[in-house]
*Asks:* 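Handing you a structure now.
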Amino acid sequence: MSKISLKNLRHSYEPEPGPASEWALNEMSVDWSDGGAYALLGPSGCGKTTLLNIISGLLAPTEGEVWFGDENVTQLPPDHRNIAQVFQFPVVYDTMSVYDNLAFPLRNRKVPEPAIDKKVREIAEMLDLGDTLMSRAAGLTADGKQKISLGRGLVRSDVNVIMFDEPLTVIDPHLKWVLRSKLKELHQRIRTTMIYVTHDQTEALTIADQVVVMKDGLVVQIGTPVELFERPKHTFVGHFIGSPGMNVLPCHMEQGKPVYAGRQLDMATPITQAAEGARLEVGIRPEFITFAETGIAVRINKVSDAGRFNIVDTTSGEDSIKLLVPSADNLPADTAYLHFDPAHTQVYADDWMIS
Ligand code: ATP
């Protein structure tokens, strides 16, 4: 096992790429520490699969290098990188038993049979495949087959990294929840570096210790689920993580503080960075807004019951502002005032957080 480093990586599928839009991956340098659980999260087309294929060696980057520990593996083919991969759709040998499918990667590496038996039974038990070990894989449901694929990815303990490319797509919604927690549990036991590609924020936030958020071929933030929630470095992270996402409102600055709708907003630390000429916005999550006696005047449009809380949709001029309240009882009349928690009020210049 080793640290994985991507150094000044860039990739384009065009023979002679020009502007940024012709690059599937824009320049990035990312370190994936040994034993970490990472999610690669972003919308369709943002470059997740391209990045995964570069790490696995299926694709050679147009520019930059891939290092596993102190070895430059940029030119090495996948079978020389010692990685395990689990794809979106199950890859199983139908004619073999579940047991033999799980044992396959270990037998390939000439692991002694008693060690194989121990490992196969351990993984099978964790994935609830214990009762079907001797059945032929052909007889299993799509869920069952994908569990075998997951098991085959997890069975080897000598790999540099296990990469999962949206592996729960074919899984029944209830089982999805179970498998997510199992994967997290398995990772805590085996501690192999894990990179899990998904466009589903819940999946990313449940499985990973660190989430790498991508947009348009760019890594916009790497952070723990709490960091992404509390300090989104880019407005996209604010929108993409959280439900509902962060409110983003136009502002200008006066004495280091944002002014929105004619009111100066307090911040934990006033802004020192100059951002002349940039488009300025203030970002605040619905969780950190409350009703107050004075503040930003809004009109209440709608209240939706979301189970543990209620989402209140308001408007301030042309802008929509959402906030969460525990109860829909005793809400102010149509016109109300909002208070933004200064500790969670952030300013963005051309979409990037400034401080
Ligand atoms: P999805 O979640 O839909 O799989 P993704 O985030 O994995 O998307 P990629 O598949 O890496 O994104 O695609 C990134 C960009 O590169 C997209 O604009 C896509 O159209 C383009 N692309 C991907 N594969 C190829 C290819 N083989 N040839 C040309 N362009 C490609």
Side-chain angles (χ1 to χ4, degrees), residues 4-30 32 37-66 73-75 77-78 81 83-91 142 146 149-150 153 161-171 173 176 179-180 183 193-208 210-223 225 228 232-243 245 351:
I4 297 175
S5 304
L6 308 179
K7 301 183 181 180
N8 306 108
L9 211 63
R10 248 179 133 197
H11 188 75
S12 177
Y13 292 97
E14 304 288 330
E16 287 177 23
S21 60
E22 292 179 4
W23 292 83
L25 289 184
N26 285 296
E27 187 166 327
M28 63 174 73
S29 294
V30 181
W32 315 73
Y38 292 93
L40 199 50
L41 174 70
S44 182
C46 72
K48 304 180 296 292
T49 304
T50 304
L51 186 56
L52 208 62
N53 289 345
I54 289 175
I55 298 173
S56 70
L58 289 170
L59 201 62
T62 312
E63 290 175 11
E65 293 171 353
V66 181
V73 299
T74 317
Q75 302 306 325
R81 295 194 182 194
I83 50 177
Q85 259 186 295
V86 181
F87 300 97
Q88 213 166 1
F89 298 100
V91 181
Q146 188 62 337
S149 293
L150 287 170
V161 54
I162 311 176
M163 304 207 289
F164 300 90
D165 194 354
E166 310 231 12
L168 302 185
T169 309
V170 294
I171 304 279
K176 234 181 213 182
L179 281 180
R180 262 189 226 144
L183 270 178
T193 313
M194 185 167 106
I195 302 179
Y196 190 101
V197 169
T198 180
H199 62 266
D200 177 338
Q201 58 154 313
T202 314
E203 213 157 280
L205 300 178
T206 323
I207 286 175
Q210 292 278 321
V211 181
V212 178
V213 186
M214 290 184 68
K215 176 188 188 282
D216 299 336
L218 206 65
V219 170
V220 285
Q221 188 167 0
I222 303 177
L228 299 181
K233 288 211 172 127
H234 191 279
T235 54
F236 174 76
V237 178
H239 288 301
F240 202 64
I241 307 267
S243 181
D351 290 317

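Not measured: the values here are computed from a predicted model. Ligands are counted one by one from 1 in listed order, and the atoms in each one are counted from 1 as well.
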*Asks:* Out of Met214, His199, His11, Lys48, whose heavy atom sits nearest atom 6 (O) of ligand 1?
*Replies:*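 Result: the heavy atom closest to atom 6 (O) of ligand 1 is in Lys48.
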*Asks:* Rounded to the nearest 0.5 Å, how far apart are CG of Leu9 and CG of Asn26?
*Replies:* 11.0 Å
*Asks:* May I ask you to check if ligand 1 and Ala24 share an N or O to N or O distance below 3.5 Å?
*Replies:*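 N/O-N/O distance below 3.5 Å does not exist for this pair.
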*Asks:* What is the distance from atom CD1 of Ile195 to atom CH2 of Trp32, rounded to the nearest 0.5 Å?
*Replies:* 4.5 Å
*Asks:* Kindly indicate whether the side chain of Leu205, heavy atoms from C-beta on, has any atom under 4.5 Å from the side chain of Val211.
*Replies:* yes
*Asks:* Of all the non-hydrogen atoms in the protein, which one sits nearest to atom 7 (O) of ligand 1, and at what distance?
*Replies:* Thr49 OG1, 2.7 Å
*Asks:* Quick one: sort the Phe164 and Tyr196 rings into parallel, tilted or perpendicular, breaks at 30° and 60°.
*Replies:*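 Ring orientation, 0 to 90° scale: tilted.
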*Asks:* Under 4.0 Å from any heavy atom of Pro43, which atoms of ligand 1 are there?
*Replies:* 6 (O)
*Asks:* Mind jotting down which residue pairs meet the salt bridge (charged side-chain N to carboxylate O under 4.0 Å, His left out) criterion with at least one end in residues 48-63? Sequence neighbours excluded, please.
*Replies:* Arg10-Glu63
*Asks:* Is the shortest distance from a heavy atom of Gly42 to ligand 1 less than 4.0 Å?
*Replies:* no
*Asks:* Which value, rounded to the nearest 0.5 Å, describes the distance between Thr49 atom OG1 and Glu166 atom CD?
*Replies:*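 Between Thr49 OG1 and Glu166 CD, I get 7.0 Å after rounding to 0.5 Å.
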*Asks:* How close does the nearest protein non-hydrogen atom get to atom 12 (O) of ligand 1, and which residue and atom is it?
*Replies:* Gly47 N, 3.1 Å
*Asks:* With the threshold set strictly below 4.0 angstrom, can you tell me whether any protein non-hydrogen atom sits that near atom 20 (O) of ligand 1?
*Replies:*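 Within 4.0 Å of atom 20 (O) of ligand 1, no protein heavy atoms are found.
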*Asks:* Quick one: look up the protein heavy atom nearest atom 22 (N) of ligand 1 and list residue, atom name and how far away it is.
*Replies:* Tyr13 CE1, 3.4 Å
*Asks:* Parallel, tilted or perpendicular: which one describes the rings of Phe236 and His234, with boundaries at 30° and 60°?
*Replies:* perpendicular
*Asks:* Which residue owns the protein heavy atom closest to atom 13 (O) of ligand 1, what's the atom, and how far is it?
*Replies:*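 In this structure, atom 13 (O) of ligand 1 has Thr50 OG1, 3.9 Å as its nearest protein heavy atom.
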*Asks:* Which is closest to atom 14 (C) of ligand 1 in terms of heavy atoms, Ser21, Ser44, Gly45?
*Replies:*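 Selected option, by shortest heavy-atom distance: Gly45.
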*Asks:* Can you find a heavy atom in the side chain of Met214 that is under 4.5 Å from one in the side chain of Leu51?
*Replies:* yes
*Asks:* So is Gly217 touching ligand 1 or not, going by heavy atoms under 4.0 Å?
*Replies:* no
